[in-house]
Colleague: 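What follows is a structure written as structure tokens; I'll ask about it next.
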Amino acid sequence: VQLQASGGGLVQAGGSLRLSCAASGPTFSTYVMGWFRQAPGKEREFVGAISRSGGSSYYADSVKGRFAISRDNAKNAVYLQMNSLKPDDTAVYYCAAKLGASVTTTRGYDYWGQGTQVTVSS
């Protein structure tokens, strides 16, 4: 599967952004989809993931209650709605895909899209 993330930009603290990730291929619904981010000088970190059906999701504590992941298997797309953004959310955001069923296991992602930059100003 090939992935392409979009929707990043510059937003003020407290604002919202919605990232999208478009996937190619007919088997999108067989993948658990995740979002990761990497801030300058820091390691890439897990943001959240959504199950193959979209019925369950799992989030890092740092974004829980502010971010929400959804997916549309008919459109081969996954979304990251980010609300109440903070300057600490500034990073390059990546979507990723893995086979398997677990949304809580943050490893095992085999397919990655190019990142999209999110910058939150204070």
Side-chain angles (χ1 to χ4, degrees):
V1 62
Q2 293 184 324
L3 306 172
Q4 184 168 359
S6 62
L10 174 64
V11 63
Q12 289 188 331
S16 298
L17 273 179
R18 188 193 194 208
L19 305 185
S20 299
C21 177
S24 65
T27 59
F28 176 71
S29 63
T30 64
Y31 294 92
V32 168
M33 297 300 298
W35 285 94
F36 292 75
R37 68 186 182 185
Q38 187 167 19
K42 295 186 178 181
E43 294 186 354
R44 185 170 60 196
E45 66 171 345
F46 172 80
V47 173
I50 190 166
S51 64
R52 293 172 293 186
S53 68
S56 63
S57 55
Y58 176 72
Y59 300 94
D61 288 344
S62 58
V63 306
K64 199 174 297 181
R66 300 188 298 121
F67 290 12
I69 300 174
S70 60
R71 68 188 295 164
D72 186 336
N73 286 342
K75 295 183 178 180
N76 279 15
V78 62
Y79 309 99
L80 179 65
Q81 178 67 45
M82 304 185 293
N83 300 324
S84 302
L85 283 161
K86 306 174 182 180
D88 284 349
D89 295 318
T90 295
V92 178
Y93 283 72
Y94 300 88
C95 58
K98 65 173 181 178
L99 294 171
S102 173
V103 295
T104 59
T105 302
T106 61
R107 297 182 177 182
Y109 286 86
D110 295 318
Y111 306 95
W112 294 83
Q114 93 295 352
T116 185
Q117 175 71 48
V118 172
T119 303
V120 184
S121 64
S122 57

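Values in this document were obtained by computation on a predicted structure and should not be read as measured data.
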Colleague: Find the distance between CH2 (Trp35) and CD (Glu45) and round it off to the nearest 0.5 Å.
Modeller: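 Going from CH2 on Trp35 over to CD on Glu45, the span is 14.5 Å.
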Colleague: Which distance, rounded to the nearest 0.5 Å, do you find between the CZ of Arg18 and the CG of Leu80?
Modeller: 10.0 Å
Colleague: Look up atom CZ in Phe67 and atom OG in Ser84, then write down how far apart they are to the nearest 0.5 Å.
Modeller: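 Going from the CZ atom of Phe67 to the OG atom of Ser84 covers 9.0 Å.
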Colleague: Please enumerate all residues that pass ring-ring contact (aromatic ring centres under 6.0 Å, His included) together with Phe46, with sequence neighbours excluded.
Modeller: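 Per chain and number, Phe46 pairs via ring-ring contact (aromatic ring centres under 6.0 Å, His included) with Phe36, Tyr58.
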Colleague: Transitively linked via ILVMFWY side-chain contacts under 4.5 Å: Tyr111 with Val103?
Modeller: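 Different clusters.
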Colleague: Does Phe28 belong to the same Ile/Leu/Val/Met/Phe/Trp/Tyr cluster as Leu99, with side-chain heavy atoms less than 4.5 Å apart forming each link?
Modeller: yes
Colleague: Hey, is CD on Gln117 packed in by over 12 heavy atoms from elsewhere, all under 6.0 Å?
Modeller: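 Yes, the 6.0 Å shell around CD holds more than 12 heavy atoms from other groups.
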Colleague: Rounded to the nearest 0.5 Å, what's the gap from SG on Cys95 to CE on Met33? Could you check?
Modeller: 5.0 Å
Colleague: Please report the interatomic distance CG(Asp88) to OG(Ser62), rounded to the nearest 0.5 Å.
Modeller: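 The distance works out to 9.0 Å.
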Colleague: Please find the pair of heavy atoms, one from Tyr109 and one from Ala49, that lie closest to each other, and give the distance.
Modeller: OH-CB, 3.3 Å
Colleague: Taking side chain as C-beta onward, heavy atoms only, is Asp89 less than 4.5 Å from Arg66?
Modeller: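 Yes, at least one pair of side-chain atoms sits under 4.5 Å.
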Colleague: If you take all heavy atoms of Asn83 and Ser16, which pair is closest and at what distance?
Modeller: OD1-OG, 2.9 Å
Colleague: Donor-acceptor pair, Ser57 side chain versus Ile50 backbone, under 3.5 Å?
Modeller: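 Not at all, since once roles are kept as given, no pair shorter than 3.5 Å links the two residues.
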Colleague: Can you see which heavy atom on Ala91 is nearest to which on Ala39, and at what distance?
Modeller: CB-N, 3.8 Å
Colleague: Show your working on side chain to side chain contact (heavy atoms under 4.5 Å, CB included) between Leu3 and Tyr94 and close with a plain yes or no.
Modeller: CA-CA 9 Å; Leu3 306 172; Tyr94 300 88; over 6 Å; no
Colleague: Establish, yes or no, whether the cationic atom of Arg71 lies under 6.0 Å from the six-membered ring centre of Tyr79 and within 45° of the ring axis.
Modeller: no
Colleague: For Gln114, is the CD atom crowded, meaning more than 12 foreign heavy atoms sit under 6.0 Å from it?
Modeller: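 Buried by this count: over 12 neighbours within 6.0 Å.
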Colleague: Main chain of Arg37, side chain of Arg44: is a donor-acceptor contact present, judged purely on distance under 3.5 Å?
Modeller: no
Colleague: Evaluate the side chain to side chain contact (heavy atoms under 4.5 Å, CB included) criterion for residues Ser121 and Leu10: first the C-alpha distance (whole Å), next the side-chain angles of each, then the deciding distance (0.1 Å), finally the verdict.
Modeller: CA-CA 7 Å; Ser121 64; Leu10 174 64; 4.3 Å; yes
Colleague: Between Asp61 and Lys64, does any NZ, NE, NH1 or NH2 come within less than 4.0 Å of an OD or OE carboxylate oxygen?
Modeller: yes
Colleague: Please enumerate all residues that pass side-chain hydrogen bond (donor to acceptor under 3.5 Å, both in side chains) together with Thr104, with sequence neighbours excluded.
Modeller: Ser102
Colleague: Hey, is the main chain of Val120 close enough, under 3.5 Å, to the side chain of Thr90 for a donor-acceptor pair?
Modeller: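 Present.
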Colleague: Are the side chain of Thr105 and the backbone N or O of Arg107 linked by a donor-acceptor pair below 3.5 Å?
Modeller: no
Colleague: Would a distance-only check, ignoring hydrogens and angles, find a side-chain to backbone donor-acceptor pair under 3.5 Å from Asn73 to Arg52?
Modeller: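 Such a contact is found between Asn73 side chain and Arg52 backbone.
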Colleague: Working note: Cys21 + Gln4, criterion side chain to side chain contact (heavy atoms under 4.5 Å, CB included); need CA distance, chi angles, decisive distance, verdict.
Modeller: CA-CA 5 Å; Cys21 177; Gln4 184 168 359; over 6 Å; no
Colleague: Is Leu19 linked to Tyr31 within one hydrophobic cluster, defined over Ile, Leu, Val, Met, Phe, Trp and Tyr using a side-chain heavy-atom separation of less than 4.5 Å?
Modeller: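 Shared cluster, yes.
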Colleague: Can you measure from CG (Asp72) to OG (Ser29) and round to the nearest 0.5 angstrom?
Modeller: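 Asp72 atom CG to Ser29 atom OG measures 11.5 Å (nearest 0.5 Å).
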Colleague: Grouping I, L, V, M, F, W and Y whenever their side-chain heavy atoms are under 4.5 Å apart, do Val78 and Val92 come out in a common cluster?
Modeller: no
